[in-house]
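Worth saying up front: this structure is predicted, and the values here are computed from it rather than measured. Residue numbering restarts at 1 for every chain, and letters A, B, ... go by the order of the sequence lines.
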There are 2 protein chains.
Amino acid sequence: MSKIEEKCKEKGVRLTDQRKIIAKVISDSKQTFGSKDHPDVDELHKRATLIDKKISIATVYRTIKLFEESGILIRHDFKEGKSRYEPTTEEHHNHLIDINSGEIVEFVDKEVEELQNKIAQKLGYKLVDHKLELYGSKIKKN
Amino acid sequence: MSKIEEKCKEKGVRLTDQRKIIAKVISDSKQTFGSKDHPDVDELHKRATLIDKKISIATVYRTIKLFEESGILIRHDFKEGKSRYEPTTEEHHNHLIDINSGEIVEFVDKEVEELQNKIAQKLGYKLVDHKLELYGSKIKKN
DNA sequence: AAAATATTTAAACTAATTATAAATATTAAG
DNA sequence: CTTAATATTTATAATTAGTTTAAATATTTT
C-alpha cells in the first residue's frame, strides 16, 4: 500500500479504485522520477490511464482537489500556467525551477524558514503559508 | 503626466488614449490606494471605464501585456487564480498577502535577498528571478 | 489628403478547471 | 442478502481567465 493510501485512511478519505490509482501515480512520481518530477493534471491523467484506461480527467481533477484539501498532496502554481503536484512531505521544502528545462530542484533551508517567520511577525501577522521559488539557469563548469 | 506614461516614452511604446487611461489607473493604484492595492484585470477595467466607458476588456488585457513586456508593470500570480498588477518599482520587494482580506503588505528584506543568491549558487544555478510570498492572518493586539 | 500601418472593439475562441445530470458503485437498514 | 439511501464516476456542459480575429477606427507616413 502506498504512503498516500495510508494517509487517506488516516484522514478518513474513502478509497475507490480510481483514487487508489491516482494515489499510486502520485506516490510513484516521487519514487521513480525523483524530485525533478511534479506532474500536472494531464500528466497524472495520462499515467493513470496506463493502469485503467477508462478513468476520466474529471475524476483526476476531483481527486486531486480532495487530496489537496486533506493535506495529502501539495499543489504548486509555478510561472507556467498549469498547476503541478507532489505528495506532501514531512519536511517543508522550497523549489528552484530551471528556466531552460523546467526541471525542479528541491531544497530545504532552515535560515530561510526562520527569517520568514520573523518577517511575518514583525509585520503583525501570523504566518500561515509561504512560497519561495527561485528561477535560475544552470552554471556550466569548465 | 504619470510615471508610467514617462516610461512608455522611454521604451518607445506609443501612447493611445486608452493606454493613457490604463496607465493612469495603474499609476493611481499605488498613489491613492497605497501598497495594499494590486488590482486585477477586472478591477483595472472597472476603473478605466469610469474615465472612458467605451474601453473594452480586450484592450485592457492587451495593454497590460504590452506594459508587462516593456517592464512597465509587474504581474503577480498569488494563490487566488487571477493575476494582479502593480507599477514597476525601483526596488525589488516581496509580498505578504492577508489570507482573510486579500490585502497586501509589501516588504523589503536584504537578508532574504542575499540568502536566495547564496542558495541558488550552492545548487549550481545563476539566479534569474525569484518569488517570495508570505500568506498570513493579522495578529490582534489586546 | 490619400495610402500604409497600428490599435481598438466586439465577438469568437482556447485552455484549465468546475459543475451537472445520469449511470454506477458502495454502504446501511431491514 | 436485497432494497433503499448515499457517494462516486463518467461524459458532457458550463465557467473563468486570457488570447485571437476580423472589421472598424485612429494614427502616421508620404
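Taking atom CD of A/Gln18 as the reference point, atom P of C/dA25 lies 9 Å away to the nearest angstrom. As a whole-Å value, the separation of A/Leu44 CG from C/dT17 P is 11 Å. One can place NZ of A/Lys54 at 10 Å from P of C/dA25, the figure rounded to the nearest angstrom. At whole-Å resolution of the value, NZ in A/Lys20 and P in D/dT8 are 14 Å apart. Nucleotide C/dA10 holds its C1' atom 14 Å from the CD1 atom of B/Ile55, rounded to whole Å. Spacing between atom CZ of A/Arg84 and atom P of C/dT17 amounts to 13 Å, rounded to whole angstrom units.
Residues forming a salt bridge (charged side-chain N to carboxylate O under 4.0 Å, His left out) with A/Asp77 (at least two apart in sequence, or on another chain): A/Arg75. Partners of B/Tyr135 by side chain to side chain donor-acceptor pair (under 3.5 Å), not counting sequence neighbours, listed by chain and number: B/Glu133. With sequence neighbours excluded, the residues that form a side chain to side chain donor-acceptor pair (under 3.5 Å) with B/Thr89 are B/His93.
Salt-bridge check for A/Asp37 with A/Arg84: failed, with every basic side-chain N at 4.0 Å or more from each acidic carboxylate O.
A/His45 pairs in a side-chain contact (heavy atoms from CB on, under 4.5 Å) with only one of the listed residues (A/Ile57, A/Asp40, A/Ile22), which is A/Ile57.
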### Task
Indicate for each nucleotide in nucleotides 15-27 of chain D, in 5' to 3' sequence, whether protein heavy atoms under 4.0 Å reach the base (B), only the sugar-phosphate (S), or nothing (-).
--SBBB-------
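Among residues at least two apart or in separate chains, side chain to side chain donor-acceptor pair (under 3.5 Å) pairs with a member in residues 112-123 of chain A are A/Asn94-A/Glu113, A/Gln116-A/His130.
Between the side chains of A/Glu106 and A/His38, at least one donor N or O sits under 3.5 Å from an acceptor N or O.
At distances below 3.5 Å, not a single donor-acceptor pair connects side-chain atoms of B/Thr49 with backbone N or O atoms of B/Asp52.
Non-hydrogen atoms lying under 4.0 Å from DNA chain C are contributed by nothing in residues 66-73 of chain B.
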